[in-house]
Amino acid sequence: MISAGQTNPLDELGDVSDALERLPVPVFAIDRGMTIRWLNRASRELIGDHQGERFTEVLEQSSIPVANKAFAQKIMGGTPFTEYDVTLRRLDGSLVRAEISSVVIRGGDHIAGVFGLANVDEQASPRRAADGDVSLTPRQGQVLHLLAQGCSTEQMAGELGVAPDTIRNHVRAVLHRLGVHSRLEAVIQAHARNLV
């Protein structure tokens, strides 16, 4: 954190915003009203130019509650960062899974918005494959492996460096992807399908 009177070390590096624009990873900034204020080139190529629109406009319907909860947690000051999985609508209308990692943007002594990046999983299908195979995001795979080791929510949160609520979101997503209703069923299915 930079104190009053100190200079920002990033200023010495040059134009960081230009570097973010050229970064081949989708990054974005959203204001307190959940309106997209900035998208880099990779984001615009993925979902189109949605600046000025609500973030939820680029999400599949089932991803909206998860995104709303994570956003509210940050804006209300409950957590400085979140990680969660969503399904995004591509520019061509197709769907793609992504893990969103985001942090609060401070404007003086208040939270002004959220800055984040989307780790797009081109291999993962947003729905179960027709042959019964299941495609998990990398983070969901980590959570499933930790479940199989018998880890609690708190242990997984500590291991992965995220909040317990983030782990609960990932566990729910894993259960949904596997078509099961409990952690025990998920571990049984994971072993039956050679996922762990």
Side-chain angles (χ1 to χ4, degrees), residues 1-60 62-91 95-122 124 126 137-140 142-143 157-158 160-170 173:
M1 183 121 175
I2 301 168
S3 303
Q6 287 183 321
T7 60
N8 186 338
L10 289 177
D11 292 343
E12 297 173 14
L13 294 176
D15 189 354
V16 174
S17 62
D18 177 61
L20 289 172
E21 174 65 25
R22 293 181 288 111
L23 194 66
V25 175
V27 293
F28 57 89
I30 302 171
D31 68 16
R32 286 185 65 88
M34 211 171 188
T35 301
I36 298 171
R37 291 296 174 200
W38 178 79
L39 297 165
N40 75 340
R41 181 182 313 145
S43 291
R44 293 189 304 273
E45 289 171 356
L46 178 66
I47 62 168
D49 190 357
H50 288 274
Q51 287 181 187
E53 297 178 23
R54 288 186 52 81
F55 180 63
T56 54
E57 295 297 317
V58 302
L59 300 176
E60 181 193 31
S62 65
S63 294
I64 293 174
V66 173
N68 282 340
K69 181 179 178 182
F71 184 79
Q73 287 174 328
K74 289 187 293 290
I75 293 299
M76 301 307 289
T79 185
F81 69 92
T82 56
E83 288 184 328
Y84 55 96
D85 295 321
V86 296
T87 301
L88 297 169
R89 293 188 186 284
R90 291 180 189 260
L91 185 58
L95 302 175
V96 66
R97 294 291 298 171
E99 180 180 59
I100 304 295
S101 298
S102 57
V103 296
V104 297
I105 300 171
R106 298 204 179 275
D109 61 351
H110 69 282
I111 297 171
V114 171
F115 177 83
L117 66 89
N119 181 12
V120 177
D121 188 352
E122 297 289 348
T137 66
R139 180 66 85 187
Q140 289 169 350
Q142 290 174 317
V143 167
L160 298 177
V162 298
D165 280 344
T166 301
I167 293 298
R168 288 183 193 96
N169 288 336
H170 288 306

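Numbers for residues simply follow the sequence, beginning at 1.
Atom CG of residue N68 and atom CD of residue Q73 lie 11.0 Å apart, to the nearest 0.5 angstrom. Taken from CZ in R32 to CZ in R37, the straight-line distance is 13.5 Å, to the nearest 0.5 Å. With rounding to the nearest 0.5 angstrom, the CG atom of L160 is 5.0 Å from the CZ atom of R139. Put simply, OG on S43 and CG on L91 are 12.0 Å apart, with the number rounded to the nearest 0.5 Å. Atom CZ of residue R90 and atom CG of residue L46 lie 6.0 Å apart, to the nearest 0.5 angstrom. The CZ atom of F55 lies 9.0 Å from the OG atom of S63; values are rounded to the nearest 0.5 Å.
Between the side chain of Q51 and the main chain of L39, a donor-acceptor pair closer than 3.5 Å is present. No donor-acceptor pair closer than 3.5 Å links the side chain of N119 to the backbone N or O of E99. The backbone N or O of V25 sits less than 3.5 Å from a side-chain atom of N40, completing a donor-acceptor pair.
Nearest heavy-atom pair across A118 and A98 is CB-CB, 4.3 Å. The shortest heavy-atom contact between Y84 and A67 is CE1-CA, 3.8 Å. The two residues E83 and T166 make their nearest non-hydrogen contact at O-CG2, 2.6 Å. Here the closest non-hydrogen pair linking F115 and V27 is CZ-CB, 4.1 Å. The heavy-atom pair separating F71 from V114 by the smallest distance is CE1-CG2, 3.6 Å. The nearest pair of heavy atoms linking A157 to P164 is CB-N, 3.8 Å.
T79 and K74 share no side-chain donor-acceptor pair at under 3.5 Å.
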The test is side chain to side chain contact (heavy atoms under 4.5 Å, CB included); show your working for V66 and D85 and say whether it passes. CA-CA 8 Å; V66 173; D85 295 321; over 6 Å; no
Verdict with reasoning, R106 to I111, per side chain to side chain contact (heavy atoms under 4.5 Å, CB included): CA-CA 5 Å; R106 298 204 179 275; I111 297 171; 3.5 Å; yes
With side chain to side chain contact (heavy atoms under 4.5 Å, CB included) as the test, would you mind laying out the steps for R89 and H50 before giving the verdict? CA-CA 11 Å; R89 293 188 186 284; H50 288 274; over 6 Å; no
Show the numbers, then the answer: is there a side chain to side chain contact (heavy atoms under 4.5 Å, CB included) between D18 and V16? CA-CA 5 Å; D18 177 61; V16 174; over 6 Å; no
Before giving the answer on salt bridge (Lys or Arg N to Asp or Glu O under 4.0 Å), spell out for E60 and R97 the whole-Å C-alpha distance, their side-chain angles and the decisive distance to 0.1 Å. CA-CA 10 Å; E60 181 193 31; R97 294 291 298 171; 5.6 Å; no
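Taking the side chain as every heavy atom from C-beta outward, I30 and W38 never approach each other to under 4.5 Å. Side-chain contact check for L88 versus V86: some heavy-atom pair is nearer than 4.5 Å. Between I100 and F28, the closest side-chain pair of non-hydrogen atoms falls below 4.5 Å.
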